[in-house]
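The next block holds one structure in the form of structure tokens; read it before the comments.
Sequential numbering from 1 along the given sequence is applied to the chain's residues.
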Amino acid sequence: MRILKYAILGLVDKGNLSGYDITNCFQEEIGHFWSATHSQIYPELKKLTQEGFIQFETLIQGVKLEKKMYSITTLGRRELHQWLVHSMIIPQTLKDAFMLKAYFFSAMDLDEAEQQFSDQLKMRSEKLAYLNERMNVLQNNDDFNLSPKSQHFGNYLVLTRAIEREQGYTSWLKNSLALMEQGKE
């Protein structure tokens, strides 16, 4: 299943976007839970256009610069809706390279392991601070409200989940480091 297809359809369903705008959405708004690179997005835009799910209008910026603005078609909106209401199974596992390192903890000496966990804690704490800042920006938006009909409601839901995820991860890392420290005694 091409999940990127539905991510792009959902973004374009919110409003007309250029490829650059879509890339920015993956870096900022939905990057908390789904990622895609420039080299993945543009071929998918081409496929979606060929399939009739999106269309574009070419705008001229400045003297020569062409910019494609993508919009969703009726067929695309129907395809997105079918995917949205279809129940999904929980994936067997989510890949987490750091958890794999933790599993093989005994292959490192304690100082190396502590360094790995400390580095991860620093990165996760920075990510948590970033997510909290994004939440503050969202909540301070003039038209923000918690109504399920609000255009910001979905963003609020995924931000709260991302914040909870990072809080749990940082808590686990702190507890793990404390256990390592106890092991030195």
Side-chain angles (χ1 to χ4, degrees), residues 1-98 123-124 126-128 130-166:
M1 180 179 284
R2 291 173 22 217
I3 300 295
L4 179 57
K5 165 185 174 177
Y6 299 107
I8 291 173
L9 286 175
L11 289 170
V12 177
D13 187 49
K14 289 181 151 207
N16 297 350
L17 298 171
S18 68
Y20 177 80
D21 297 330
I22 292 168
T23 301
N24 280 342
C25 287
F26 276 99
Q27 293 171 349
E28 295 173 9
E29 285 188 31
I30 64 175
H32 317 306
F33 59 91
W34 199 266
S35 65
T37 62
H38 182 275
S39 61
Q40 294 170 307
I41 292 168
Y42 282 90
E44 189 63 35
L45 286 169
K46 185 176 181 179
K47 285 180 195 173
L48 291 170
T49 302
Q50 291 169 343
E51 294 167 337
F53 295 135
I54 61 172
Q55 58 193 11
F56 65 87
E57 177 184 357
T58 304
L59 304 177
I60 304 295
Q61 283 188 314
V63 179
K64 295 182 185 178
L65 185 62
E66 289 186 358
K67 178 179 178 179
K68 291 180 181 176
M69 291 300 291
Y70 294 91
S71 60
I72 195 165
T73 64
T74 302
L75 182 63
R77 193 165 280 119
R78 194 174 5 205
E79 179 75 7
L80 174 63
H81 186 261
Q82 286 175 351
W83 177 75
L84 287 171
V85 299
H86 184 268
S87 295
M88 297 179 72
I89 60 168
I90 297 173
Q92 187 174 8
T93 187
L94 298 175
K95 293 180 181 177
D96 183 335
F98 188 74
M123 290 185 283
R124 293 288 180 160
E126 289 169 358
K127 187 170 187 174
L128 179 57
Y130 169 77
L131 291 169
N132 281 319
E133 178 57 32
R134 295 289 303 160
M135 181 61 84
N136 287 335
V137 168
L138 178 67
Q139 290 177 329
N140 289 322
N141 192 313
D142 289 339
D143 63 346
F144 175 77
N145 67 63
L146 280 179
S147 165
K149 302 253 186 229
S150 165
Q151 69 175 1
H152 300 292
F153 190 68
N155 195 8
Y156 176 81
L157 292 175
V158 298
L159 267 173
T160 55
R161 176 63 191 115
I163 288 168
E164 288 174 2
R165 179 192 65 222
E166 295 308 319

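Residues Ser150 and Asn145 share a closest heavy-atom pair of CB-OD1, 3.4 Å. Cys25 and Leu17 make their closest contact through SG-CD1, 4.5 Å (heavy atoms, listed as atom of the first residue, atom of the second, distance). What you find for Phe26 and Ile41 is that their closest heavy atoms are CD1-CD1, 3.5 Å. The heavy-atom pair separating Leu138 from Asn155 by the smallest distance is CD1-ND2, 3.9 Å.
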Under 3.5 Å donor-acceptor pairs involving side-chain atoms of residues 46-54, not counting sequence neighbours:
from, atom 1, to, atom 2, distance (Å)
Thr49, OG1, Leu45, O, 2.8
Glu51, OE1, Arg2, NH2, 3.1
Glu51, OE2, Arg2, NH1, 2.8

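Sorted by first and then second residue, the salt bridge (Lys or Arg N to Asp or Glu O under 4.0 Å) pairs with a member in residues 3-20 read Lys5-Glu79, Asp13-Arg77; sequence neighbours excluded. The list of salt bridge (Lys or Arg N to Asp or Glu O under 4.0 Å) pairs with a residue in residues 132-153, not counting sequence neighbours, is empty.
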Exercise. Carefully, step by step, assess Leu59 and Glu66 under the rule side-chain contact (heavy atoms from CB on, under 4.5 Å).
Key: CA-CA 6 Å; Leu59 304 177; Glu66 289 186 358; over 6 Å; no

Self-check item: side-chain contact (heavy atoms from CB on, under 4.5 Å) assessment of Leu128 paired with Ile163
Solution: CA-CA 6 Å; Leu128 179 57; Ile163 288 168; 3.9 Å; yes

Practice problem: In sequence, state the C-alpha distance, the side-chain angles, and the governing distance for His38 and Tyr42, and then conclude on side-chain contact (heavy atoms from CB on, under 4.5 Å). | Solution: CA-CA 6 Å; His38 182 275; Tyr42 282 90; 3.0 Å; yes

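Here NZ of Lys68 is found 14.5 Å from CG of Asp21. Values are rounded to the nearest 0.5 Å. To the nearest 0.5 Å, the span separating OH on Tyr70 from CG on Asn16 amounts to 12.0 Å. For the atom pair CG of Leu9 and CG of Leu4, the computed distance is 9.5 Å after rounding to the nearest 0.5 Å. Here the straight-line distance linking atom CG of Asn132 with atom CD of Gln139 works out to 9.5 Å at 0.5 Å rounding. How far CE of Met135 is from CG of Leu159: 4.5 Å, rounded to the nearest 0.5 Å. Here OG1 of Thr23 is found 8.5 Å from CD1 of Ile8. Values are rounded to the nearest 0.5 Å.
Counted within 6.0 Å of OH on Tyr20, heavy atoms from surrounding residues, nucleotides or ligands total 12 or fewer; the atom is thus considered open.
Residues Tyr6 and Gln82 form no side-chain contact, since every pair of their non-hydrogen atoms from C-beta on lies 4.5 Å or further apart.
Residues meeting the side-chain hydrogen bond (donor to acceptor under 3.5 Å, both in side chains) test with Gln40, sequence neighbours left out: Thr37. Partners of Arg124 by side-chain hydrogen bond (donor to acceptor under 3.5 Å, both in side chains), not counting sequence neighbours, listed by chain and number: Gln120, Glu166. Shown here are the side-chain hydrogen bond (donor to acceptor under 3.5 Å, both in side chains) partners of His81, two or more places apart in sequence or in another chain: there are none.
Under a 3.5 Å cut-off, the side chain of Thr160 and the backbone N or O of Tyr156 do form a donor-acceptor pair.
Between His152 and Phe144, the two ring planes are tilted [angle within 30° to 60°].
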